[in-house]
Number of protein chains: 2
Amino acid sequence: MTKYEPGHKEATREKIVTTASRMFRERGVRATTVPDVMEAAGLTVGGFYKHFESKEDLFCAAFDEALASTKRSNDKARGEVSNEEWRRRTAERYLSEFHRDHPEAGCAFAALCGDLQRAEPEIRQQVQNGLVGLIGGFETHMSGSGPEAREAAWRFLAQMLGGLVLSRSVADANTSTEILEACRGMDRPPSSASEIKA
Amino acid sequence: MTKYEPGHKEATREKIVTTASRMFRERGVRATTVPDVMEAAGLTVGGFYKHFESKEDLFCAAFDEALASTKRSNDKARGEVSNEEWRRRTAERYLSEFHRDHPEAGCAFAALCGDLQRAEPEIRQQVQNGLVGLIGGFETHMSGSGPEAREAAWRFLAQMLGGLVLSRSVADANTSTEILEACRGMDRPPSSASEIKA
DNA sequence: GTCTATACTCCGATAGAC
DNA sequence: GTCTATCGGAGTATAGAC
């Protein structure tokens, strides 16, 4: 009962959560088993249910962790640049080959999109809170004002998310890169793909 | 051996494939079991492996069926309209509440995005072939020419896909609709969200 | 607090009757 | 060609030792 120093259990829990967060993003929720997570965390299955009520409970915590992690890296990259430059940099980072190849450390919405679409209300509420917060930040870097900027922010996010997911799903590396590069061109809608760049 | 009329096995196989195609899109691949599919098709598990080598084999066939089905409905909706009008109509149909609420009858890329990102090479090749074919059609409705139109087509598809997936993942119906409506504004990039519409 | 061991359920796949 | 029955494996969750 008192064999471990105080805070040990909390540290263990956090270790499990961060490990699960990466594994869920890499393999998907259903393909990630509780024994797998515990082993990857250097533990065994037995102790798991002293930390979490269920696998779903773990997923809630892990998804939150992934969102927080994304938010941290977003905040870190925040500089004082023009809106256009901010969009260019953000898209370049999001639609990079590195991000494509490392879902376990990347955007939770993209990596878990299959699971989130069918998730329970509790998770969907987390998704919503995460997205609304994200969009609130994006909004300030769009050109319109008020509702227009918000709409533009949703489109911005949707195009990035869709591009990343598509680039991760095709067989050929060249096609995958083609998708990434095409979707980085945020400021060029289907109707004006002319003068901006060759 | 001769208890059933000729063509019966083919018909049974097709029944299994179309049933699976819908169930995979609705529940995801891992959550859909072979017994479930067979029961939904009015059959029992036993006969399954006389039609398919494995569950993965079924998924290949079912994914192909879903692509073909989407292609048929795309071709049907093809009218003689301006590029801008074509994009407006396509986005309106893709980003509709009906499509959002009926993944089992809708876009396979969106419904299966989680599975496709982690699929075997064989499936990824099918994804690629399907996407390239789709983009080839989209291209002709973009405004630029050559590579520019192709880039614009990828962006168009990515924004629709991302918007649909996001709209399916949030808890609140109002937010979901907000996302759909925002992403329908295809011709309004983040940089020019001003004069086009209030 | 974490371990080993196990109960219970369900899935993918096969065997053999009809 | 499709059925019933079952094997083998895996996954969630629990029990009890340390």
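Values reported hereafter were calculated over all heavy atoms of this structure, with side chains retained and with hydrogens, waters and symmetry mates removed. Numbers restart at 1 for each chain; the letters A, B, ... are given by sequence-line order, proteins then strands. As the structure is a computational prediction, the values presented were derived from the model and not from experiment.
- No continuous path of ILVMFWY side-chain contacts below 4.5 Å connects B:F63 to B:V132, so the two sit in separate hydrophobic clusters.
- One can place CD of A:E39 at 14 Å from C1' of D:dG11, the figure rounded to the nearest angstrom.
- In this entry the distance linking CE of A:M38 with P of D:dA10 reads 20 Å, nearest Å.
- Distance CZ (B:F52) to C1' (D:dG1): 14 Å, rounded to an integer number of Å.
- Residue B:K55 has a polar side-chain atom (N or O) positioned under 4.0 Å from OP1 or OP2 of C:dG12.
- Donor-acceptor pairing under 3.5 Å is lacking for the side chains of B:E97 and B:H99.
- Toward the 5' end of DNA chain C, the nearer of the two residues B:E53 and A:H51, judged by each one's closest nucleotide, is A:H51.
- Rounded to an integer number of Å, the gap from A:H8 NE2 to C:dT2 C1' is 8 Å.
- Counting heavy atoms from C-beta outward, A:M160 and A:T90 have side chains that approach closer than 4.5 Å.
- When the side-chain nitrogen and oxygen atoms of B:T33 are compared with OP1 and OP2 of C:dC10, none of them lie within a distance under 4.0 Å.
- OP1 or OP2 of D:dT14 has not a single side-chain nitrogen or oxygen of A:Y49 nearer than 4.0 Å.
- Atom C1' of nucleotide D:dG11 and atom CG of A:L58 are separated by 14 Å, given to the nearest angstrom.
- Using a 4.0 Å heavy-atom criterion, one finds that B:K50 contacts the bases of the nucleic acid, with or without backbone contacts as well.
- Following rounding to the nearest Å, A:R30 (CZ) and D:dG11 (C1') show an atom-to-atom distance of 10 Å.
- Between A:T12 and C:dT2 there is a side-chain N or O to OP1 or OP2 distance below 4.0 Å.
- Atom CZ in A:F48 sits roughly 18 Å away from atom C1' in C:dT4 (whole-Å rounding).
- A salt bridge links A:E139 with A:R150: the distance from a Lys NZ or Arg NE/NH1/NH2 to an Asp or Glu carboxylate oxygen falls below 4.0 Å.
- Around CD of A:E122, the count of heavy atoms belonging to other residues, nucleotides or ligands within 6.0 Å does not exceed 12.
- Minimum atom distance to the side chain of B:L43 is reached by D:dC3, of the listed D:dT12, C:dC3, D:dC3.
- For A:S54, the listed nucleotide lying nearest its side chain is D:dA13; candidates were D:dA13, C:dG12, C:dC3.
- Between the P atom of C:dG1 and the CD atom of A:E5 lies a distance of 11 Å, rounded to the nearest Å.
- Salt-bridge check for A:E84 with A:R88: failed, with every basic side-chain N at 4.0 Å or more from each acidic carboxylate O.
- Between the side chains of B:R22 and B:T18, no donor-acceptor pair is found at a separation under 3.5 Å.
- At least one side-chain nitrogen or oxygen of B:T44 sits closer than 4.0 Å to the OP1 or OP2 atom of D:dC3.
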Quick one: which protein N/O atoms are closer than 3.5 Å to N/O atoms of nucleotides 6-9 of chain C? Pair and distance per line, please.
none

